[in-house]
Amino acid sequence: MFASVLSAAIFGMEVREIQVEADVSDGLPSFTMVGFPSAQVREAQERVRTAFKNNRLSLPPKRVTVNFAPADMKKEGAGFDLPVAAAVLAAADILEPKLLEQVMVVGEISLNGEIHGVSGILPRVIRARELGLRFCIIPQENIKEGKLVRDMQVFGVKTLKDMIRCLKDPEKYGNESEQDSETEGRTDEGGLDFADVCGQEGARRAAEIAVSGFHNILLIGPPGSGKTMLARRLPTIMPRMTFEESLEITKVYSVAGLLTKKDPLIRKRPFRSPHHTSSAQALAGGGRVPGPGEITLAHRGVLFLDEMPEFSRKSLEILRQPLEDKEIHLSRAAGTYTFPASFMLAAAMNPCPCGFYPDMNRCRCTQGEITHYLGKISQPLLERIDICTEVPAIQFPEMKKKKGGESSSAIRRRVEQTQEIQRERYKNEEFSFNGELDGRRVEKYCEMTAEAEMLLEQAYTQFQFSTRAYHKILKVARTVADMEDTEKIQSEHICEALTYRAYDKKYWS
């Protein structure tokens, strides 16, 4: 007898439907799996067979064949255990095959019949909703994650017998096992606040501009000046996420297996701070079938590179393409995988190995050491950073005052107003922020006064800016103008934007 049930596999961030087919026929007793299963998937036959025995589900002594269609893609992971069990039970006439129609089943089975959670549940349930299926059966461990998807019926099962009961009478099973799936509404930022930052008015202003226009920012200064402290507080002045944004980020973390069972919905802006020993694969996403790397995990949030020159050259150069395209493409023998990468890059570095250049009274580095250290940051990567600002050492009188600046909530309100102006301007475009403007749209949306255009022309000639640097200056000036709710870019906006390019000329001249 033949039966089949729908399941799904994760390839990068893409969900592909897998039809799990089973046939029980006369012949020597055997259990065969075909359809390009991996070693992990092949192990399902022993887990399923033993789980049946331990739950007194007797299969007839016949030939069992399980197929995973389509057969041209390799099936990975333990999430196919439960659909294999369901298909075999239906093929053995223990369940009616029609009960499996328009149903998606995902889960891992232990030898005693208990169902364990798997990663990537959220994108699978979203795909089931898109396909218009009746309902999904997933592990009880993943039920809160599955129920984040609205307008899709999802049932959580703890054991193999629960799955059978659910398939036979889903409405009754749903009433019996209905649980509170509301996740906690905590949105605190771990106590971080810009009010903790003492002084550094220039760096605070640069940080607000960077967040307002979603610009990349580089903080340069001596050790202990507060670069890391500032960077860690960037998410606290970003607008709170909408439910759609939360779901988008939660989907990424679901594929990466980084969600918590208690509260799976990601409500805070991601802040990823990989160590400088991280490999290029850790940043971009590695493996034969790539998973999300640090770049993708920072989607809609901040990727912070502390001590930027200490990262390997290969790791840093990987950033160039996703910073421009807002997505990262990885090619493997099995295909090409695309991951979202719309993140804000924040980087911090010392101006030299000892950290005190250009204060020659304290700096003990030779000119060659300074040049070598700064040379670890390539010019093409530097040009993709919109704002470069100094974070000077705090003087004793200023530190003694212990007087912080504005709170994060006050800055956030201004940021939200500025971003609302941008959303209204770009409502017919596929992007929302000034930092995402390309060359053609820069000329369209960054209209200047005659004085501002003359000033920018003089700076372009004097400092020999590249075309990309020219566009970066205009985009930052556009954000400064939006912060003042000015339609045209004024000369003072150009002046401020130019100051954020002056420091890279100062150190990398």
Side-chain angles (χ1 to χ4, degrees), residues 1-9 16-38 40-75 77-115 118 124 127-128 131-139 153 155 157-174:
M1 188 173 178
F2 170 82
S4 71
V5 66
L6 187 66
S7 190
R16 299 183 187 176
E17 304 91 67
I18 304 294
Q19 200 72 35
V20 181
E21 304 171 338
D23 181 76
V24 177
S25 57
D26 294 334
L28 291 174
S30 64
F31 200 123
T32 307
M33 305 184 80
V34 297
F36 207 4
S38 66
Q40 289 175 310
V41 177
R42 286 187 184 278
E43 292 171 353
Q45 60 181 298
E46 295 304 325
R47 288 193 291 270
V48 170
R49 195 204 309 263
T50 306
F52 283 172
K53 175 180 70 69
N54 290 332
N55 284 268
R56 298 181 181 179
L57 295 169
S58 301
L59 289 178
K62 293 185 177 184
R63 179 183 178 86
V64 178
T65 305
V66 175
N67 177 48
F68 300 92
D72 62 345
M73 63 180 73
K74 194 167 186 177
K75 319 307 183 297
F80 292 106
D81 291 9
L82 205 55
V84 167
V88 170
L89 288 173
D93 207 22
I94 297 174
L95 287 173
E96 293 184 34
K98 68 178 183 180
L99 297 177
L100 304 180
E101 295 176 359
Q102 295 294 298
V103 175
M104 180 177 286
V105 182
V106 180
E108 178 185 346
I109 297 179
S110 67
L111 299 183
N112 64 355
E114 292 182 355
I115 311 301
V118 296
R124 287 180 169 105
R127 183 58 181 158
L131 294 172
L133 303 184
R134 290 192 294 141
F135 58 86
C136 292
I137 295 180
I138 63 174
Q153 196 167 21
F155 299 111
V157 293
K158 295 181 179 179
T159 65
L160 192 58
K161 290 185 177 179
D162 283 348
M163 182 194 71
I164 296 173
R165 288 170 46 226
C166 181
L167 286 169
K168 286 183 176 179
D169 194 344
E171 185 174 347
K172 181 180 179 182
Y173 179 83

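One-based numbering along the sequence shown.
Panel note: side chain Lys75, backbone Met73; a donor-acceptor pair is recorded below 3.5 Å.
Applying the salt bridge (Lys or Arg N to Asp or Glu O under 4.0 Å) test to every pair with at least one member in residues 88-113, sequence neighbours left out, gives these pairs: Glu96-Lys98. Applying the side chain to side chain donor-acceptor pair (under 3.5 Å) definition to pairs two or more places apart or across chains, none involves residues 27-38. The list of side chain to side chain donor-acceptor pair (under 3.5 Å) pairs with a residue in residues 80-90, not counting sequence neighbours, reads Arg47-Asp81.
Taking every heavy atom of both residues into account, Ala85 and Leu160 meet most closely at CB-CD1, 3.9 Å. Among all heavy-atom pairs drawn from Leu167 and Leu99, the shortest one is O-CD2, 3.6 Å. Scanning both residues, Met33 and Ala44, for their nearest heavy atoms gives CE-CB, 4.3 Å. When all heavy atoms of Gly79 and Pro83 are compared, the pair lying nearest together is O-CD, 3.5 Å. Nearest heavy atom pair, residue Ala9 against residue Phe80, reads CB-CZ, 3.9 Å. Here the closest heavy-atom approach between residue Met1 and residue Pro97 is recorded as CE-CG, 3.3 Å.
Under the side chain to side chain donor-acceptor pair (under 3.5 Å) criterion, Glu17 pairs with Arg127, not counting sequence neighbours. Taking the side chain to side chain contact (heavy atoms under 4.5 Å, CB included) definition, one finds that Ala91 meets it with Ala3, Ala22, Val24, sequence neighbours left out. Residues satisfying the salt bridge (Lys or Arg N to Asp or Glu O under 4.0 Å) criterion with Arg134, sequence neighbours excluded, are absent altogether. Residues forming a side chain to side chain donor-acceptor pair (under 3.5 Å) with Gln45 (at least two apart in sequence, or on another chain): none. With sequence neighbours left out, the salt bridge (Lys or Arg N to Asp or Glu O under 4.0 Å) criterion links Asp23 to no other residue.
With contacts defined as side-chain heavy-atom distances shorter than 4.5 Å, the pair Gln153/Pro170 does not qualify. Considering only heavy atoms from C-beta on, Phe155 stays 4.5 Å or farther from Asp162 through its side chain.
Rounded to the nearest 0.5 angstrom, Leu131 CG and Met104 CE are separated by 6.0 Å. Going from atom OG1 of Thr159 over to atom CZ of Arg165 covers 7.5 Å, rounded to the nearest 0.5 Å. From Ile115, atom CD1 reaches atom CE of Met163 across 7.0 Å, with rounding to the nearest 0.5 Å.
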task = For the pair Ile137 and Tyr173, evaluate side chain to side chain contact (heavy atoms under 4.5 Å, CB included) and give the outcome as yes or no after the intermediate values.
result = CA-CA 11 Å; Ile137 295 180; Tyr173 179 83; over 6 Å; no
For residues 59-72, tabulate all N or O donor-acceptor pairs below 3.5 Å that involve a side-chain atom, not counting sequence neighbours.
{"unit_1": "Asn67", "atom_1": "ND2", "unit_2": "Glu21", "atom_2": "OE1", "d": "3.0"}

Can you give me every donor-acceptor pair (side chain of residues 48-56, partner residue at least two apart or in another chain, under 3.5 Å) with its distance?
{"unit_1": "Thr50", "atom_1": "OG1", "unit_2": "Glu46", "atom_2": "O", "d": "2.8"}
{"unit_1": "Asn54", "atom_1": "ND2", "unit_2": "Thr50", "atom_2": "O", "d": "3.4"}
{"unit_1": "Asn54", "atom_1": "ND2", "unit_2": "Leu111", "atom_2": "O", "d": "2.7"}
{"unit_1": "Asn55", "atom_1": "ND2", "unit_2": "Ala51", "atom_2": "O", "d": "2.8"}
{"unit_1": "Asn55", "atom_1": "ND2", "unit_2": "Asn112", "atom_2": "O", "d": "3.2"}

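Of the options Val106, Leu133, Val103, Val20, a side-chain contact (heavy atoms from CB on, under 4.5 Å) to Leu6 is made by Leu133 and by none of the others.
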